[in-house]
Amino acid sequence: MSSLSLTLAVFCATVLVALPLRAMEVKTAVLRVDRVAGPPISRLDAPPTDLGFAGGMLGNEDNRTTGQFTGMDYTLKTRAVSPEQAAAALDALKAEGIGLIAVIAEGDILKALSDKAGPEVLLLNAGARDETLRDGDCRANVLHVSPSRSMLSDSVVQFLMWKKWSRVLLIHGSHPEDKLLADSYRKSAAKFGAEIVEEREFVDTGGARRTDTGHVMVQRQIPIFTQDAEDYDVIVAADEAGVFAPYLPYHTWDPKPVVGSAGLRAASWHAAHEAWGATQFQRRFEKLTGRNMREEDYQTWLAMRVIGEAVTQSGKADPATIRAYALSPDFELAAFKGQKLTFRTWNGQMRQPVLLTDGRVTVSVSPQDGYLHQHSPLDTLGIDAPETACQAFGG
């Protein structure tokens, strides 16, 4: 070989080494389906316009940080649509080659989207808590990062039994979702040995939830509504529609604690949570968004991190591989809750501790001490393998 040829060969080799390898693109999306709803009881509870999207952005940033070292380039699209636009939005995301989608939607919409998506798309449920989606109506192309109703109600009732507050007055709303939540509390009570001594229904008659005289009316009505109840230790409020529960504390006829949809509440996340490195995580989110993290934000962050962890470990970004790795014994995710999170192979539900908060501090974390399980104490919350009617996972 001539000296010129050798020089050219060395030059070409040097250029090839210097050029960065082309990163594998990992396309993700957050699809939020918004139904028209009335204003919340408190203006402090009004949802921000970037609800859920902000958590997805933080998760995508975390993925991109890791991707710099693994040759992965993560991209994120966000879409907020009405229920009527949901199917078209899903089609548009699929047309862009996006097969990994976190969905914040009610259960019926998520079910319809999963049927439309097909096996070439993996949906990560970051909103719907419906039990049936983890049971008889489960779908193989859906993994649930949002806790189910039974996980939340189990976490509350475990705490009540730990406190020896076993006699429960159950007050539920009149909306369908309230009745589903009430049924979940009935099952949790039977599961852990609590006694529902009486049930009452708070009927939503419509009208403004916030008026100049609202507090005066509540101060007169709620004591009468809760008067002459059977002897009880605690009120459990099942008010998923957000109509009456926040009015219960300090207004009941008897001076008893309130839990459930007001008072002490079960949550996947809360801005007051500080343990296990959560403070630094909260500050990163606040710096990014200028507000506190909500449950939907945490759940979309989880969805993005599930994708990122599965891609990093498997080296692939197709939905089938992500799903398979997430359900494998090798998958685990650190998520600022004191335990590594994993998925249940029988229905695709993420195992996770549930925070119990009064709105200012984390009062406790379930599962409570003393609740044991042959696989994981986390499986004392929600549908266990022997109880499931899910056939799509075969676990």
Please answer: with hydrophobic residues joined when any side-chain heavy atoms are less than 4.5 Å apart, are [X] and [Y] in the same cluster?
X	Y	value
Leu355	Val236	no
Leu378	Phe343	no
Leu264	Ile235	no
Val306	Leu58	yes
Leu248	Val234	no

Taking [X] for its side chain and [Y] for its backbone only, find out whether a donor-acceptor pair lies under 3.5 Å.
X	Y	value
Thr132	Gly136	no
Asp50	Ala54	no
Thr342	Glu332	no
Arg323	Ala140	yes
His273	Phe336	yes
Ser146	Ala126	no
Ser328	Tyr325	yes
Asp154	Leu381	no

Would you mind reporting whether [Y] and [X] have side-chain heavy atoms less than 4.5 Å apart?
X	Y	result
Asp297	Arg291	yes
Ile383	Ser148	no
Val168	Leu160	yes
Trp165	Val157	no
Arg129	Leu152	yes
Phe244	Ile41	no
Asn141	Pro119	no
Leu76	Met57	yes

All pairs passing salt bridge (charged side-chain N to carboxylate O under 4.0 Å, His left out) where residues 111-120 contributes a residue, at least two apart:
Asp91-Lys116, Lys94-Glu120, Lys111-Asp137, Asp115-Arg139
Could you give the distance from [atom1] ([X]) to [atom2] ([Y]), rounded to the nearest 0.5 Å?
X	Y	atom1	atom2	value
Gln299	Gln352	CD	CD	7.0 Å
Met24	Tyr74	CE	OH	9.0 Å
Thr380	His373	OG1	NE2	7.5 Å
Ile101	Leu31	CD1	CG	7.0 Å
Thr300	Leu51	OG1	CG	8.0 Å
Met350	Leu302	CE	CG	5.0 Å

Check the pair Gln349, Arg134 against side chain to side chain donor-acceptor pair (under 3.5 Å), reporting the backbone distance first and the verdict last.
CA-CA 7 Å; Gln349 172 66 58; Arg134 284 89 166 167; 2.7 Å; yes
Let's go through Met72 and Asn63 carefully: what are the C-alpha distance in whole Å and the side-chain angles of both, what is the deciding distance for side-chain contact (heavy atoms from CB on, under 4.5 Å) to 0.1 Å, and is it a yes or a no?
CA-CA 9 Å; Met72 305 292 180; Asn63 289 344; over 6 Å; no
Salt bridge flag under 4.0 Å for residues [X] and [Y]:
X	Y	answer
Arg149	Glu131	no
Asp183	Arg186	yes
Arg43	Asp45	no
Lys27	Glu96	no
Lys179	Glu177	no

Taking side chain to side chain donor-acceptor pair (under 3.5 Å) as the test, write out the residues that go with Arg64, two or more places apart.
Asp73
From CA spacing to verdict: side chain to side chain donor-acceptor pair (under 3.5 Å), Asp204, His175:
CA-CA 8 Å; Asp204 184 8; His175 291 265; 2.8 Å; yes
A quick test of your reading: do over 12 heavy atoms of other residues, nucleotides or ligands sit less than 6.0 Å from NZ of Lys256?
yes
Flag if over 12 foreign heavy atoms under 6.0 Å of CD, Glu387
yes
Whether Arg32 engages the ring of Phe53 as a cation-pi pair (distance to the six-membered ring centre under 6.0 angstrom, angle to the ring normal within 45°) should be assessed.
yes
Which pairs count as side-chain hydrogen bond (donor to acceptor under 3.5 Å, both in side chains) when at least one residue sits in residues 223-235, sequence neighbours excluded?
none
Nearest heavy-atom contact between Ala237 and Ala245 is CB-CB, 4.0 Å
Trace of the side chain to side chain donor-acceptor pair (under 3.5 Å) decision for Ser153 with Ser184:
CA-CA 6 Å; Ser153 62; Ser184 187; 2.7 Å; yes
Start with the C-alpha gap between Ser82 and Gln85, add the side-chain angles, then the distance that decides, and say whether side chain to side chain donor-acceptor pair (under 3.5 Å) holds.
CA-CA 5 Å; Ser82 67; Gln85 300 168 324; 3.3 Å; yes
Verdict with supporting geometry, Phe225 and Ile171, side-chain contact (heavy atoms from CB on, under 4.5 Å):
CA-CA 10 Å; Phe225 177 75; Ile171 301 177; 3.6 Å; yes
Is it true that [X] and [Y] have ring centroids separated by less than 6.0 Å?
X	Y	answer
Trp269	Phe285	no
Phe192	Tyr371	yes
Trp276	Phe281	no

Step by step, would you call Val26 with Thr75 a side-chain contact (heavy atoms from CB on, under 4.5 Å)?
CA-CA 6 Å; Val26 184; Thr75 62; over 6 Å; no
For [X], what residues pass the salt bridge (Lys or Arg N to Asp or Glu O under 4.0 Å) criterion, not counting sequence neighbours?
X	result
Asp108	Arg35
Asp62	Arg284
Asp178	none

Leu143 and Asn125: side-chain contact (heavy atoms from CB on, under 4.5 Å), yes or no, with the steps?
CA-CA 6 Å; Leu143 296 179; Asn125 171 24; over 6 Å; no
